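Report on the structure given below.
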Amino acid sequence: MDGNGRWATNRGWPRLVGHRKGAERVKQIVTAAPDLGIKWLTVFAFSTENWRRSTEEVLGLMSIFARYIQRESDRMASEGVRVRFIGDRTKLDPKLRKLMSGIEARTAEFSRLNLTVAINYGGRDEILRATRGMMQDVAEGRLKPEDVTEDAISARLDTGGIPDPDLVIRTSGETRTSNFLVWQSIYAEYEFTPTLWPDFGPQELADILVRFGNRERRFGGVSP
Ligand code: IPE
Ligand code: MG
């Protein structure tokens with residue numbers, strides 16, 4: 001979800017106004033997703049690199065996350081949305097962490113839409129944490145090197161139990177992946193749109209899905 005800052009700056013407004021507008025868009029997309037046939041949706045809210053921003057912006061984003069969880073909890077439950085978070089939580093404020101685990105527990109039985117929110121998430125960081133855990137288990141005799149398979153690694157990532165993405169969309173015209181789902185995206189299809197995230201609506205998502213449906217995915221094989 002890129003482009004909140006530019007959306008606000010273009011209007012002469014503080015960047016946080018763009019982030020608030022961006023959060024409104026998340027609500028709208030989450031509500032529209034199941035009707036578009038989406039069962040799994042991951043949104044990249046805050047990366048391990050986003051701490052480089054000003055304290056004001058970082059704290060503002062964190063308070064938007066906390067408020068979003070508090071305000072959207074009932075709607076998530078009534079719409080059958082299961083919410084999960086990926087990323088390293090140990091660096092987050094304990095109050096935010098409590099809200100995160102609270103909504104995860106409250107929505108754990110739902111499956112109409114599986115919403116994953118990436119906060120303090122980085123693909124490399126996730127692989128690093130999983131690797132450390134495995135090394136620890138090997139050192140203490142709980143895991144044998146030959147048991148370290150691709151599936152075992154996948155299961156140990158924050159996304160354990162969440163399918164690899166079929167489609168990754170980046171808004172705002174940037175054509176990089178910026179540490180998003182590094183291990184999981186090897187065969188994802190990519191879509192880059194110039195639309196800034198606060199302007200990205202369900203109709204554009206629907207158009208992208210039509211294009212996605214027309215792509216031939218060979219997964220390294222050849223056409224039949
Ligand atoms: C939102 O857009 C991404 C977040 C980290 C929340 P940006 O804040 O990156 O917006 P731009 O790139 O400055 O326009
Ligand atoms: Mg950006």
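Any value given below was found using the heavy atoms of this structure, including those in side chains, with hydrogens, waters and symmetry copies removed. In listed order, ligands and their atoms are each counted from 1. Small disclaimer: the values here were computed from a predicted structure and weren't measured.
Heavy-atom proximity to atom 4 (C) of ligand 1, evaluated over Pro198, Gly5, Ala45, Gly22, is greatest for Ala45. With atom 13 (O) of ligand 1 as the reference point, the heavy atom nearest to it among His19, Arg15, Met1 is part of Arg15.
In this structure a side-chain-to-backbone donor-acceptor pair under 3.5 Å is missing from Arg124 to Val182.
Under 4.0 Å is where a charged nitrogen must lie from a carboxylate oxygen, and between Lys27 and Glu24 at least one such pair does. Checked for salt-bridge contact, Arg75 and Glu72 meet the test: a charged N lies under 4.0 Å from a carboxylate O. We find that Arg89 and Glu104 are joined by a salt bridge, their nearest charged nitrogen and carboxylate oxygen being less than 4.0 Å apart.
Only the side chain of Arg53 comes within contact range of ligand 1, with a heavy atom under 4.0 Å; no backbone atom does. At a 4.0 Å heavy-atom cut-off, ligand 1 touches Asn4 through backbone and side chain alike.
When each of Asp74, Leu115, Thr31, Thr107 is paired with Glu79, the side chain to side chain contact (heavy atoms under 4.5 Å, CB included) condition holds for Thr31 and for no other. Of the residues Arg132, Arg142, Lys144, the one that meets the salt bridge (Lys or Arg N to Asp or Glu O under 4.0 Å) test with Asp137 is Arg142.
The protein atom (non-hydrogen) at minimum distance from atom 5 (C) of ligand 1 is Asn50 OD1, 3.3 Å.
Residue Asp2 has at least one nitrogen or oxygen atom sitting less than 3.5 Å from a nitrogen or oxygen atom of ligand 1, judged on distance alone. Of the polar atoms of Gly3, at least one N or O is found under 3.5 Å from an N or O of ligand 1, judged by distance alone.
Asp2 contributes OD1 as its N, O or S atom closest to the Mg ion (ligand 2).
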